[in-house]
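Okay, structure first, notes after.
In what follows, every chain begins at residue 1, and chains take the letters A, B, ... in the order their sequences are listed.
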Amino acid sequence: MRALYQIVWLPPLMSFVLITGLIECSIILMDLPAYLAPRPSAVALALWMHAEELLKATWHTGVAALLGLGMSALLGALLAITLASHPLIRRAFYPYAVFFQTVPIIAIAPMLVIWFGYGQGAVVAASFIVSVFPIIANTLTGLLSTDPALLDLFRIAKASSLHTLFKLRIPGAIPHFLTGLRIASGLAVIGAIVGEFVADSYEDGGGIGTAVEIALKEQRTDLVFAAVLMSSLLGLLIFWLVSGLNLLTLKRWHLGEFKDS
Amino acid sequence: MRALYQIVWLPPLMSFVLITGLIECSIILMDLPAYLAPRPSAVALALWMHAEELLKATWHTGVAALLGLGMSALLGALLAITLASHPLIRRAFYPYAVFFQTVPIIAIAPMLVIWFGYGQGAVVAASFIVSVFPIIANTLTGLLSTDPALLDLFRIAKASSLHTLFKLRIPGAIPHFLTGLRIASGLAVIGAIVGEFVADSYEDGGGIGTAVEIALKEQRTDLVFAAVLMSSLLGLLIFWLVSGLNLLTLKRWHLGEFKDS
Amino acid sequence: MKHRQGAGLKLRGIHRQFEGRPVLNHLDLDIAPGEFLAIIGPSGCGKSTLLRLIADLDQPDQGTLDQSEEDVDVAFVFQDPCLLPWRSVIENVALPLELQGVPHHHRMPAAEALLKTVGLGEAQGKFPQQLSGGMKMRVSLARALITRPDLLLLDEPFAALDDITRHHLDDHLQSLWLNHPMTVVFVTHSLSEAVYLADRVVLLSAGGGDITLDYKVPLAHPRTPATRVSTPFIDHLKIVSEAFELLARTPE
Amino acid sequence: MKHRQGAGLKLRGIHRQFEGRPVLNHLDLDIAPGEFLAIIGPSGCGKSTLLRLIADLDQPDQGTLDQSEEDVDVAFVFQDPCLLPWRSVIENVALPLELQGVPHHHRMPAAEALLKTVGLGEAQGKFPQQLSGGMKMRVSLARALITRPDLLLLDEPFAALDDITRHHLDDHLQSLWLNHPMTVVFVTHSLSEAVYLADRVVLLSAGGGDITLDYKVPLAHPRTPATRVSTPFIDHLKIVSEAFELLARTPE
Amino acid sequence: DASDDPGVGTPFKADIQLNWVPEPEFGGYYAARDSGLFDQEHLEVELKPGGPGIPTLQLIESGQVTFGITTADNILIARDRGADLVALFALYQILPEGIMVHAERGLGGLEDVFKGGTLAMEPGTPTFKVLEKRFGFHQIHVVPYTNNLAPFLHDPLLSQQCYVTVEPIAAKRAGASPQVFPISDTGYNPYSGVLVTRREVLIKHQEEVHRLIRAVKAGWIAYLKDPTPANQTMHQLNPTMDEATFEASSKVQTPFITGMPATPIGQMNLERWQTLSGQLVELGLIQPGDTQSAFLPSE
Ligand SMILES: Nc1ncnc2c1ncn2[C@@H]1O[C@H](COP(=O)(O)OP(=O)(O)OP(=O)(O)O)[C@@H](O)[C@H]1O
Ligand SMILES: Nc1ncnc2c1ncn2[C@@H]1O[C@H](COP(=O)(O)OP(=O)(O)OP(=O)(O)O)[C@@H](O)[C@H]1O
Ligand SMILES: [Mg+2]
Ligand SMILES: [Mg+2]
């Protein structure tokens, strides 16, 4: 017989019910005004009333976030490999990766818009910029922490640096890369939302960012939270996707990570 | 004799001079309008003219980011330890860590302001919220990927779970924690800036985020970029601080990482 | 200090398989309290697997494993040294005492003394990655001995050592066992070491996972370097060797 | 295929120290092309360090190391198995050929054949963490042999094996060396194995880091199981053993 | 009656939360402060500069500040949510917001703007909805506005929202020739730069509030006469805006303050509040409600 808690979705569901119940009660008891903290039930109602638009917005944002994450995975890994290739390159250019991470999207919004046009392109770019750094940093750590004994083995076999890279460093860095990807998955969503704040086109309804912005302006706190909830669910979904990928890839050789989930 | 490139600050400086030079020339040659990409020299001028305010703003943001990062390190590590303690807890509550990461600060800005007051408090909270997840995720990975052979050793010695935690899992997770901290360092800065966008008090001059937003509204692109530059330098500074900590702690037992820098 | 004879063990019908291939095949084995048992067998025959089952690190697919006493203090010397890389040699050795709550000023001298007996008195401040292979194994041995366990499980502890050091540690282990009675299960691939140390030598078969030979070595303890060149020892060794060779020649 | 005699080596005044303590102390050593040299010595005396210097994995603090030929193909069996955890056994063995650009359909049969000779024909699809300690070392040995190197460096390759398997692999290594001439430097802590295999046995002193004994074993190759029980063999072994024991008794 | 004798007792303490950093739209307040008009009314007023994302309404509602500046439509929306706010003084008789286009396009009016090109605008605001309702966004590409002129300067077919006091001046300086169509042309013309407080405050401190309004009014009259001293003060506080911009901007805003036809400074009337309320109801932003109590009629 399977223990109840082993059913994957049960524990988060239970804690969700518990937490929202607690919030609902405390808001009622403390008599907090709705514009401050809307009651979960009000949020649920807003979610229900605006389900169609919110789902469309989530889809819109989700596509952009996945594209951004995909670019981050690809370019982030490539950048990490480039940085790993020589200490000189690493010293000279790693700071720019940090730079990328600390630049506020709003400050470079016009550039995004002028290069990629309003709409999906700029949103994906924002998602990429926000999510790429953890992938670079984690992959780089992985590439640089190859077991020295295995490096010796490759040196003795007179392996070319390309071979050492592809047959040793990269396979060894995959677990690190995947941790980076997990961190990046949430950032890709938030990046897409921020991108929508600054560069989305409203014609096709827009994404979660647009929905949040409109709800904020209309002082509809319940709708704001409903949209935030959707963004979090989207983040979770992508996170779970990535974690699934993780399990699939690491089953064979990575030690204990998440072996229970 | 030390090779030139081994001097830590030389390669980034050289690449910086190179890159800004290239940008300056191409802007001049292609006759790009200033509104699109201000010339590095214009940015430098703005930096010089507003040095005092910008430095004050950077200090303001830096303090908030360091406080946020400190809280992330502390609470993130504690949360990761809690999550690592049991699969049930992990399943039930890890999703909320992801939630934290995907919530747009702007949407919860009013709450931050009400809870933490307008100004530093809310900004630190934003910095914390944005930077905590990589620490949780990386530390958790570290805590869960303890060498099974060492776990066997502790089981045989009938070690209590507290002992296993403090004498095995946690020391083993330190390299992962520090990678998380490195990723978080940039995020703490951007979190503080975003926090300032939505909740900073202008009374004491405000931080970089405030400076960016004001410069944007006043249509001073050169100042916007000067402020962004300061934020990036701040990010780098904190990143280097954290990396230094890394080297210090890992010198003894972590394999090859950054052994050259 | 404990006044035990060591822990006894009763294995009944122990079966363990990996990916459908049985490694231990309905094995029965009794280990008496205080016995010194050597387990030998070809590489990959299941010696480490058996030791892990005894240590409760792995569960059999079938069969039962009973201990004669409750709350047995077990120590294990793994085939790999398994040292904590962030702890110095002496801190690694003192670890089991630390886990039992023994205070610093008691456990450190004990660890230091043990390190001397394994010939590493001068390496106590080093870190594992600064040690040679044999030195690591000796640290691991010292760590296992420090708690004076009731049941000591050793998985080829001396494999990485030269003969001289090995003989020295053989004798050290024997005197420890004689002075502080405990049950020892000793996996080795050196037949002469098995015969030299053990009350009883058990030969596991490859593939089958059965006991091929269960041989009581009727030599009195303590055994000394002179024992190694005595005729009775050489005769016993011959019997074990021949059984082993026969087993190795038999196709699986 | 190469038609070499193997690579010769000339070590002059090799000095290597860790944290101020010399491990190798101005060592001179000539290794002739095609020679089978065994290096023995107490645990921690610097055998692995010497091998790493020869393999160019480490640089001496002083002294020079010359190879008789350019572009020598070196293989190394480390003291730890050093397998890539994400590759199956056969892929691990085929790795050196893969790095030399040998196509898949050539390298896989070669790897399979070698795995059979080390007794792991059936384990080729397994992953390293599914293997026993001795099996891992045998995979590592097969990997080193697959390129038929000019210079083969082995650091206690058979330490984790039982005597029977060990003798079998000793003979396999010998026949390989006889048929495909190469220089072999073989670190072992089994004196009898050293005498059985080597043209020449070199005994390193502990602490001092000098050569205490450099003994030419005047037995013809190939040596066979019968050699092990022959009087000349036992006599040579006695000489080496006595030198070793004397060294071990001498305080550093 | 103490209120008739403002020189007695400790002065009444009041803080006014501005909704942005010091700029000409707050000139009258700084003028009042610097030329002692608040002191004369025996008031101790603290002007709190705002900044990015300042939640003025929430700060007033939660009592963290006594007074604040916002727009009339925000006040009605907040009241609809249950916050009992009262408008005290309205600076701009005409909404100083507009749609800025490139003059080269030769557009004749707001309706032409929506026939093509791109419109950069913050979504969700009442203005946004008014324009959408009135003109429809079918032919125009609507995108966010992030307070940056670059897209406008880059794209000759891009129109954008603007404050008449800010963006057109900057666009001109950047070499473009902007043309502005005021939003008020649509008939949507809420008061803005409105001084607001909670009813509670008004009830408790009626006299003090009236004194404050008097001082503010006097401050604005002084500022309109000579903006330079207050502009200098504000430039000290907000060096990002240079002095020339301060001057240009204060000149531009004057007609929006005085109104067409000229109206006494700060005055509000019920009719316009009712019109606004009706418009917001129509936009679906509020329920019909009492507008009489939304503002304090001028004395
Ligand atoms: N990286 C290092 N840092 C410090 N000391 C080291 C390092 N590597 C080796 N040593 C020291 O050098 C000495 C010789 O080590 P080495 O590994 O060569 O010994 P060995 O002869 O191979 O021993 P064994 O038979 O046990 O494998 C040891 O005392 C060891 O502590
Ligand atoms: N986790 C595992 N998954 C699959 N097979 C395993 C696993 N662990 C052990 N085996 C298999 O079980 C068999 C016995 O392994 P074990 O480690 O017990 O051998 P051993 O007798 O200790 O050998 P050695 O003397 O070489 O250490 C081997 O064939 C090995 O491949
Ligand atoms: Mg084993
Ligand atoms: Mg060694």
Side-chain angles (χ1 to χ4, degrees), chain B residues 32-38 46 49-54 56-57 60 104-115 117-119 122-123 126 193-227, chain E residues 15 17-26 46-59 61-65 100 145-155 160 162-163 165-176 178 235-242 244-246 249:
Chain B
L32 285 179
Y35 63 80
L36 228 188
M49 297 297 294
H50 296 260
E52 201 192 312
E53 303 131 64
L54 283 174
K56 259 180 72 182
H60 191 272
I105 292 295
I106 195 173
I108 54 162
M111 282 181 143
L112 291 183
V113 169
I114 300 297
W115 287 339
Y118 198 62
V123 174
I193 292 176
V194 171
E196 288 165 357
F197 284 159
V198 299
D200 197 14
S201 156
Y202 185 68
E203 266 155 293
D204 42 347
I208 296 177
T210 314
V212 166
E213 188 93 5
I214 293 172
L216 274 172
K217 276 252 169 68
E218 312 281 4
Q219 305 300 336
R220 289 285 306 274
T221 321
D222 53 345
L223 250 183
V224 170
F225 274 76
Chain E
D15 41 9
Q17 180 65 61
L18 311 180
N19 55 358
W20 188 242
V21 297
E23 280 197 339
E25 62 175 299
F26 310 116
E46 186 192 352
L47 298 177
K48 292 181 138 180
I54 176 129
T56 317
L57 280 176
Q58 275 93 336
L59 289 173
E61 284 170 40
S62 61
Q64 293 182 43
V65 293
M100 177 168 80
Y145 177 57
T146 55
N147 292 314
N148 198 308
L149 278 185
F152 176 78
L153 298 171
H154 181 74
D155 180 357
Q160 66 158 70
C162 72
Y163 278 92
T165 50
V166 183
E167 283 91 346
I169 296 172
K172 222 173 275 167
R173 188 173 300 153
H235 174 65
Q236 294 294 313
L237 295 169
N238 173 18
T240 308
M241 191 175 215
D242 57 43
T245 312
F246 263 105
S249 172

Item checked: chain B contacts, top residue of E:N147, E:V166, E:L59, E:T146 (heavy-atom pairs, under 4.5 Å) ->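 Among E:N147, E:V166, E:L59, E:T146, the one with the most close pairs to chain B is E:N147.
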Next item on the list: Sort out for me which of E:A174, E:G50, E:A171 touches chain B most, counting heavy-atom pairs under 4.5 Å.
Entry: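 Heavy-atom pair counts peak at E:G50.
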For the pair [X] (side chain) and [Y] (backbone), establish whether a donor and an acceptor sit closer than 3.5 Å, ignoring hydrogens and angles.
| X | Y | answer |
| --- | --- | --- |
| E:H235 | E:D242 | no |
| B:E213 | B:F197 | no |
| B:E196 | B:V123 | no |
| E:E167 | E:Y163 | yes |

What part of [X] gets closer than 4.5 Å to chain B, counting heavy atoms only: side chain, backbone, both or neither?
| X | answer |
| --- | --- |
| E:T245 | neither |
| E:Y145 | side chain |
| E:N238 | both |
| E:L237 | backbone |

Check: Quick one: what part of B:L223 sits under 4.5 Å from any heavy atom of chain E, side chain, backbone, both or neither?
Finding: side chain
Checklist line | Gap between atom OG1 of E:T56 and atom CG of E:N19 - 0.5 Å precision | finding: 5.0 Å
Next item on the list: Could you tell me the separation between the NE2 atom of B:H50 and the CG atom of B:D222, rounded to the nearest 0.5 Å?
Entry: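 Spacing of NE2 (B:H50) from CG (B:D222) equals 7.0 Å.
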